[in-house]
Protein chains: 2
Amino acid sequence: MDTATEKHSLTTLRDRLADYMDKKGLRSTAQRRLVTELFFKSDGHLSIEDLWAKVRRRDPKVGYATVYRTLKMLAESGIAYERKFGDGVSRYEVAHEDEHHDHLICTECGRIVEFEDEEIEKLQEALAKKAGFRLTRHVHELYGHCRDCQAKASA
Amino acid sequence: MDTATEKHSLTTLRDRLADYMDKKGLRSTAQRRLVTELFFKSDGHLSIEDLWAKVRRRDPKVGYATVYRTLKMLAESGIAYERKFGDGVSRYEVAHEDEHHDHLICTECGRIVEFEDEEIEKLQEALAKKAGFRLTRHVHELYGHCRDCQAKASA
DNA sequence: CTCGATGCAAATGCTTTGCAGAAAA
DNA sequence: TTTTCTGCAAAGCATTTGCATCGAG
């Protein structure tokens with residue numbers, strides 16, 4: 001494992017991407033550099049539309065399909081995760097190595113909070129094994145109202 | 001709570017539905033009776049398409065939209081759950097009172113196995129509380145390969 | 001030069017809806 | 001008769017893709 005300071009650095013992400021593109025013979029274009037940079041710097045959980053908006057502030061000529069295809073590339077390379085929460089829109093987030101988390105989603109304001117729980121991971125692994133399954137991935141999303149929205153509701 | 005013997009009976013489901021339709025002023029039609037009966041008798045996790053196929057074996061004139069709208073009605077009444085697993089298709093299953101379960105899904109053959117885990121439920125409730133969330137629902141899906149598909153793969 | 005990448009527009013795939021005719025109540 | 005329901009076809013909507021053109025290597 002990397003040291004704590006460089007574990008989540010942008011440099012690491014850029015290197016991983018460069019390796020992947022090199023191996024696959026993919027080309028480095030101005031559009032791809034723009035899309036990936038803005039993606040890496042974002043908070044995560046962006047829809048294609050969200051990222052496209054950011055990209056177009058810098059270069060209005062970039063097409064939706066390019067952002068779409070670049071995010072797909074990031075997902076295939078393992079640098080991004082593609083998530084579908086309940087609203088029918090795909091969202092993407094940076095996939096930091098050796099880190100895994102799930103999500104709490106506020107159905108009032110759309111806020112997304114990440115969580116990790118070793119205990120739950122172990123239980124689900126054990127339970128899958130008992131059912132004869134070998135797990136490859138899982139989806140664990142908790143929907144509800146965040147503190148702020150509860151306060152607003154009772155005000 | 002009902003006695004164990006009638007807890008999951010079709011009679012109970014039919015009664016719950018009758019109550020709901022009565023309260024809402026919804027009408028009992030031949031199509032709705034056919035769709036709901038076939039749905040109640042099925043194993044669960046049916047797509048609209050799946051149920052439509054069953055319905056049309058009995059009455060080829062029933063339209064897709066009628067099955068769609070009837071399932072929506074069942075979901076709104078709380079008699080069915082609408083689920084979206086990774087494949088972009090909505091699936092419906094009977095929502096038995098006082099029972100909750102999550103799913104193991106084989107990404108090879110599509111098999112769906114239900115599971116329940118008190119421990120996990122408690123942990124996620126605790127964790128949500130700590131984050132200031134009041135939970136309304138959750139999605140917990142475990143994807144992997146079932147025993148049969150593992151066997152096939154190594155054969 | 002060559003082959004992959006881009007931008008646009010059109011195609012998908014599923015869900016949802018408008019509407020005229022059919023049928024409960 | 002009045003109001004809801006049905007079936008069909010069309011509209012929505014996010015995601016994907018075909019293709020002529022552009023540009024990295």
Side-chain angles (χ1 to χ4, degrees), chain A residues 17-39 45-77 80-92 110, chain B residues 17-39 45-77 80-92 110:
Chain A
L17 179 57
D19 284 355
Y20 178 80
M21 292 180 70
D22 199 45
K23 193 163 24 182
K24 292 275 185 173
L26 301 174
R27 292 173 182 176
S28 175
T29 65
Q31 292 92 327
R32 280 184 178 165
R33 285 189 296 272
L34 179 57
V35 172
T36 55
E37 279 311 306
L38 290 175
F39 177 65
H45 312 114
L46 289 94
S47 65
I48 300 170
E49 195 81 30
D50 292 339
L51 188 53
W52 189 35
K54 281 174 191 277
V55 168
R56 296 226 291 187
R57 258 175 254 142
R58 296 274 205 89
D59 180 353
K61 290 188 296 307
V62 176
Y64 177 96
T66 297
V67 178
Y68 164 80
R69 284 187 276 231
T70 303
L71 283 171
K72 279 288 180 213
M73 174 188 77
L74 291 173
E76 273 191 42
S77 73
Y81 284 132
E82 184 182 342
R83 311 238 181 225
K84 285 169 193 272
F85 299 123
D87 60 358
V89 185
S90 292
R91 290 171 191 284
Y92 295 80
Chain B
L17 179 57
D19 284 355
Y20 178 81
M21 293 181 71
D22 199 46
K23 194 164 21 183
K24 291 275 187 174
L26 301 173
R27 292 173 182 177
S28 174
T29 66
Q31 291 92 328
R32 281 183 178 165
R33 285 189 296 271
L34 179 57
V35 172
T36 56
E37 279 311 305
L38 290 176
F39 177 65
H45 312 115
L46 288 94
S47 65
I48 301 171
E49 196 81 28
D50 292 339
L51 187 51
W52 188 35
K54 282 174 191 273
V55 167
R56 297 226 291 189
R57 260 176 253 141
R58 297 276 204 87
D59 180 355
K61 289 186 301 305
V62 175
Y64 177 96
T66 298
V67 177
Y68 163 80
R69 285 187 278 231
T70 303
L71 284 171
K72 279 287 180 211
M73 174 187 76
L74 291 173
E76 274 191 40
S77 72
Y81 284 131
E82 184 182 344
R83 311 236 181 228
K84 284 169 193 272
F85 300 123
D87 61 358
V89 185
S90 293
R91 290 172 192 282
Y92 295 81

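Residue numbers start from 1 in every chain, and the chains themselves are labelled A, B, ... in the order their sequence lines are given, proteins ahead of strands. All heavy atoms count here, side chains included; hydrogens, waters and symmetry mates do not.
Phosphate proximity of dA14(D) to Y64(A): absent, as no side-chain N or O sits under 4.0 Å from OP1 or OP2. A sub-4.0 Å separation between OP1 or OP2 of dT6(C) and a side-chain N or O of K61(A) is absent.
Put simply, CZ on R91(A) is 11 Å from P on dA14(D), counting in whole angstrom units. Remark: P of dT6(D) and CZ of R33(B) are 10 Å apart, rounded to the nearest angstrom. One interatomic measurement links the two molecules: CH2 of W52(A) to C1' of dA14(D), which rounds to 13 Å at whole-angstrom precision. One atom, CG of D87(A), and another, C1' of dT15(C), lie 15 Å apart when rounded to the nearest Å. Nucleotide dT16(C) holds its C1' atom 17 Å from the CE atom of M73(B), rounded to whole Å. Across the protein-nucleic acid pair, L34(A) atom CG and dG7(C) atom P stand 10 Å apart, rounded to whole Å. Remark: C1' of dC13(D) and NZ of K84(B) are 12 Å apart, rounded to the nearest angstrom. Between Q31(A) atom CD and dG4(C) atom C1' the separation is 12 Å, expressed in whole Å.
Using a 4.0 Å heavy-atom distance criterion, S47(A) is classed as making no nucleic acid contact. Within the 4.0 angstrom heavy-atom criterion, only backbone atoms of the sugar-phosphate kind lie near R32(A); the bases stay farther away.
Looking at the side chain of Y68(A), the nearest of the listed nucleotides dT15(D), dT15(C), dG7(C) is dT15(D). Here the nucleotide nearest the side chain of A65(B), chosen from dC8(D), dT16(D), dT15(C), is dC8(D). Of the candidate nucleotides dT15(C), dC3(C), dG7(D), dC3(C) has the atom lying nearest to any side-chain atom of R27(A). Each of dT15(D), dG7(D), dT6(C) was ranked by its minimum atom distance to the side chain of S90(A); first place goes to dT15(D).
Side chains of K84(A) and K84(B) form no contact here, defined as non-hydrogen atoms less than 4.5 Å apart. Side-chain contact between L26(A) and Y20(A) is present, with heavy atoms from C-beta onward closer than 4.5 Å.
Judged by distance alone, the side chain of R91(A) and the main-chain N or O of F85(A) form no donor-acceptor pair under 3.5 Å. Judged by distance alone, the side chain of R33(B) and the main-chain N or O of S28(B) form a donor-acceptor pair under 3.5 Å.
Taking each heavy atom of Y92(B) and A75(B) in turn, the nearest pair found is CE2-CB, 4.4 Å.
Comparing T29(A) and L26(B) along DNA chain C, the residue whose closest nucleotide (by nearest heavy atom) sits nearer the 5' end is T29(A). Residues S28(A) and G63(B) each lie close to DNA chain D; by heavy-atom proximity, the contact nearer the 5' end of the strand is made by G63(B).
One can find a donor-acceptor pair under 3.5 Å joining the base of dG7(C) and the side-chain atoms of R69(A).
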